[in-house]
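These notes are about the structure you will find just below.
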Number of protein chains: 2
Amino acid sequence: MTAAPDSPAAGRAKLADVAKLAGVSVGTASKALNGNGRMRPETRQRVLAAVEQLDFRPNQHAQSLHTGRSWTVGLMTTDGIGRFSTPVLLGAEDALGAGKISVLLCDTRGDAIREQHHLRNLMDRRVDGIIVTGRRTDPRPPLKGIEPIPTVYALSPSTDPDDISVVSDDLSGAQLAVEHLLATGRTRIAHVTGPAHHAAAQDRARHTVELLEHSSLELATGRVHFGEWSEAWGRRAAEAVLRIAPDTDAFFCGNDQIARGVADTLRESGLDVPGKIAIVGYDNWDIMALACRPPLTTIDTNLSEIGRQAALRLLDAIGAQPEPGRHTVPCRLVVRESS
Amino acid sequence: MTAAPDSPAAGRAKLADVAKLAGVSVGTASKALNGNGRMRPETRQRVLAAVEQLDFRPNQHAQSLHTGRSWTVGLMTTDGIGRFSTPVLLGAEDALGAGKISVLLCDTRGDAIREQHHLRNLMDRRVDGIIVTGRRTDPRPPLKGIEPIPTVYALSPSTDPDDISVVSDDLSGAQLAVEHLLATGRTRIAHVTGPAHHAAAQDRARHTVELLEHSSLELATGRVHFGEWSEAWGRRAAEAVLRIAPDTDAFFCGNDQIARGVADTLRESGLDVPGKIAIVGYDNWDIMALACRPPLTTIDTNLSEIGRQAALRLLDAIGAQPEPGRHTVPCRLVVRESS
DNA sequence: TTCCGGCAGAAAAACGTTTTCCCAAGTGAG
DNA sequence: CTCACTTGGGAAAACGTTTTTCTGCCGGAA
């Protein structure tokens with residue numbers, strides 16, 4: 001039982017088949033498809049009809065071999081695909097998919113050997129570009145040995161200012177939080193956040209202090225409480241803050257987990273949130289923010305927008321219009337019941 | 001200022017360059033590289049040395065064009081890249097990366113149009129295979145129109161039993177939980193889980209009931225408590241259970257969020273966990289399980305192992321050794337302080 | 001010496017496009 | 001009626017491999 005001559009099982013149609021059916025040469029068929037060259041409209045129609053009839057789809061390997069473009073970009077993530085890189089990744093995939101570009105996923109697990117390995121692989125595949133995303137906002141050293149391949153760093157900027165980076169605007173985040181608290185009448189604000197050696201913690205803390213100074217205020221406890229990005233730390237820190245400054249009327253927390261820890265301690269201490277004390281988190285991690293009692297007011301970092309912009313800037317760079325430097329994406333305030 | 005003849009900037013070396021440097025023909029150089037054909041060891045060495053010197057790397061597009069293999073598999077995820085698909089995806093990427101195969105990421109966002117679009121794209125790229133992963137364990141209809149491309153369904157099995165599926169073994173999960181509770185002396189066990197229309201909830205509940213019957217026991221409240229996969233539901237359900245059956249001595253929950261909700265209610269009711277009541281969750285979602293007070297004993301579904309196995313079975317299928325059917329991956333009990 | 005077999009390596013075909021170059025026929029002007 | 005141009009379309013080169021086929025050459029046996 002052999003397949004009928006024009007059955008799909010007879011193997012993918014190639015351009016030569018299309019040409020034969022349309023009664024033209026391969027070259028002409030190609031031109032008809034791509035709109036190049038000049039020919040009678042009627043001829044073009046014949047080719048297009050043949051394409052339709054045979055369900056022809058060009059072989060991308062042949063195309064890529066000839067043009068040198070693979071219509072593929074590599075997406076390197078250095079920390080598994082965590083809570084942070086995932087939205088970035090999806091944003092990028094979305095923006096690229098619209099342009100017929102596919103995403104090759106590479107996870108380095110934070111391992112330099114693996115990173116180098118993936119890099120070779122991407123270069124062997126002649127990817128058109130690379131997006132690098134990391135776990136946190138701390139700057140990272142640029143990829144080495146990718147001379148001619150356009151690259152964009154998302155979330156974690158490159159340490160080289162001549163590279164293209166797209167990052168979250170921590171200043172706008174701190175600003176939204178502080179201004180929101182001030183606008184709702186809070187003046188004795190405590191700041192509890194992650195490890196001091198994380199850029200995210202450090203930057204947000206600095207901005208917070210400066211913004212308060214701008215309004216002639218200072219932190220309720222006189223200092224920033226650095227710790228971990230965990231609920232447990234939030235709980236401990238809340239106790240400490242209340243001991244040092246019982247009149248605190250707001251907590252601005254470095255992330256939603258800390259905020260939730262704070263909320264738990266306050267609730268269990270019988271302190272009304274938001275009646276007596278307001279809480280603002282950071283990240284808008286829905287699972288955390290919504291499960292919190294009460295649901296958290298928080299700062300959304302627009303991660304998928306960061307991914308989208310990284311993709312668009314990569315497209316620009318591939319098109320030879322790179323805009324080097326560090327580009328920021330503003331945050332968004334999400335008001336819920338904790339403030 | 002032109003680049004030195006053998007500088008990397010002089011453009012990628014091609015096999016012809018290698019051949020010229022080694023003083024052989026391209027064909028011979030190719031054979032030397034791939035270990036095919038016969039030749040004097042010395043000749044092979046000369047070629048290899050040239051490869052080294054020029055840092056030659058074969059053009060994958062040319063290879064693929066000729067061999068018809070792309071050394072690429074598509075990974076279709078139907079629900080963004082959520083908490084469930086991510087580990088599966090990483091497991092698969094890991095297993096495939098070892099075999100020099102790269103992963104093309106496609107997110108359908110649950111949209112059929114988008115799914116079809118990605119499918120065309122994958123076929124145009126002549127991927128060697130496809131892995132499909134979904135949000136939950138509910139079966140899904142098979143991909144349409146991929147006749148000749150090997151496909152494996154991970155996490156969400158295909159409704160067609162002749163397809164290859166790799167899923168989590170809900171029976172083993174329920175078994176580990178129930179046997180652990182029985183072994184630690186609990187006999188009045190309540191089961192709180194997600195929506196009744198989710199296969200995961202339904203299956204685990206059924207197995208739980210059957211396992212208890214096996215030990216001549218029944219559920220503390222006489223029935224399964226279906227609801228949502230949320231902490232809020234866990235909190236409400238715990239109250240209900242305690243009202244109906246105050247002598248309940250253990251909660252087996254359908255996921256870690258529910259378990260955490262239960263834990264919160266119990267703690268706030270002054271009931272000692274695990275002294276008076278034990279709690280077992282499901283999923284081993286570290287963020288939830290560890291932040292819970294006390295840290296949760298829970299069932300780990302080995303998601304990354306599911307991804308790994310899906311990849312291996314896909315490799316088999318690509319190698320023309322498919323093993324159709326539904327393959328299960330057993331769960332693992334993680335004991336912490338809640339039991 | 002002649003033949004045959006085996007071996008090293010060269011030459012060429014093939015994979016499926018795109019693009020450049022070229023030719024033939026038609027059109028208009030002088 | 002020719003000449004120069006334009007226009008439609010064909011032929012062929014190119015992309016960089018792999019694989020198959022082919023050609024000398026050498027050694028050994030008759």
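The chains referred to below are lettered A, B, ... by the order of the sequence lines, with proteins before strands, and numbering in each begins at 1.
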Check your understanding: Where each residue is assigned the nucleotide of DNA chain C containing its nearest heavy atom, which of B:Gly23 and A:Lys14 is assigned the position nearer the 5′ end?
Key ->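 Nearest-nucleotide comparison on DNA chain C picks B:Gly23.
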Exercise for review: For B:Arg46 and for A:Val26, locate the closest nucleotide of DNA chain C by heavy-atom distance; then report the residue assigned to the nucleotide nearer the 5' terminus.
Suggested key: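 This one resolves to B:Arg46.
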So, OP1 or OP2 of [N]: does either fall under 4.0 Å of a side-chain N or O from [X]?
X: B:Gln60; N: D:dT17; result: no
X: B:Ser25; N: C:dA11; result: no
X: A:Arg40; N: D:dG9; result: yes
X: A:Asn59; N: C:dC15; result: no
X: A:Thr43; N: D:dG9; result: yes
X: A:Thr28; N: D:dG9; result: no

Point to revise | Criterion side-chain hydrogen bond (donor to acceptor under 3.5 Å, both in side chains) against A:Glu42, the qualifying member of A:Gln45, A:Arg44, A:Arg46 | key: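 Among A:Gln45, A:Arg44, A:Arg46, the one meeting side-chain hydrogen bond (donor to acceptor under 3.5 Å, both in side chains) with A:Glu42 is A:Arg46.
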Name the closest nucleotide to the [X] side chain, picking from [options].
X: A:Asn34; options: C:dT18, D:dT7, C:dG16; answer: C:dT18
X: A:Phe56; options: C:dT17, D:dG8, C:dT19; answer: C:dT17
X: B:His66; options: C:dT19, C:dA14, C:dA10; answer: C:dA14
X: B:Asn36; options: C:dA11, C:dT17, D:dT19; answer: D:dT19
X: A:Leu65; options: D:dT18, D:dG16, C:dT17; answer: D:dG16

Check your understanding: What about A:Lys31, does its side chain sit under 3.5 Å from the base of D:dG8 through a donor-acceptor pair?
Key ->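 Such a pair does not exist between side chain and base.
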Could you check how far [atom1] of [X] sits from [atom2] of [N], rounded to whole Å?
X: B:Lys20; N: C:dA11; atom1: NZ; atom2: P; result: 14 Å
X: A:Gln63; N: C:dC15; atom1: CD; atom2: C1'; result: 14 Å
X: B:Arg12; N: D:dG16; atom1: CZ; atom2: C1'; result: 13 Å
X: B:Leu15; N: C:dA12; atom1: CG; atom2: C1'; result: 15 Å
X: B:Arg69; N: D:dT18; atom1: CZ; atom2: P; result: 14 Å
X: A:Arg38; N: D:dT6; atom1: CZ; atom2: C1'; result: 7 Å
X: A:Met39; N: D:dG10; atom1: CE; atom2: P; result: 8 Å
X: B:Arg44; N: C:dC7; atom1: CZ; atom2: P; result: 15 Å

Ion pair present between [X] and [Y], side-chain N to carboxylate O less than 4.0 angstrom?
X: B:Arg140; Y: B:Asp160; result: no
X: A:Asp162; Y: A:Arg326; result: no
X: A:Asp107; Y: A:Arg109; result: yes
X: B:Asp94; Y: A:Arg114; result: yes

Practice item. Kindly determine whether A:Ser102 and B:Asn121 satisfy side-chain hydrogen bond (donor to acceptor under 3.5 Å, both in side chains), including the steps that lead there. Key: CA-CA 8 Å; A:Ser102 292; B:Asn121 185 10; 2.8 Å; yes
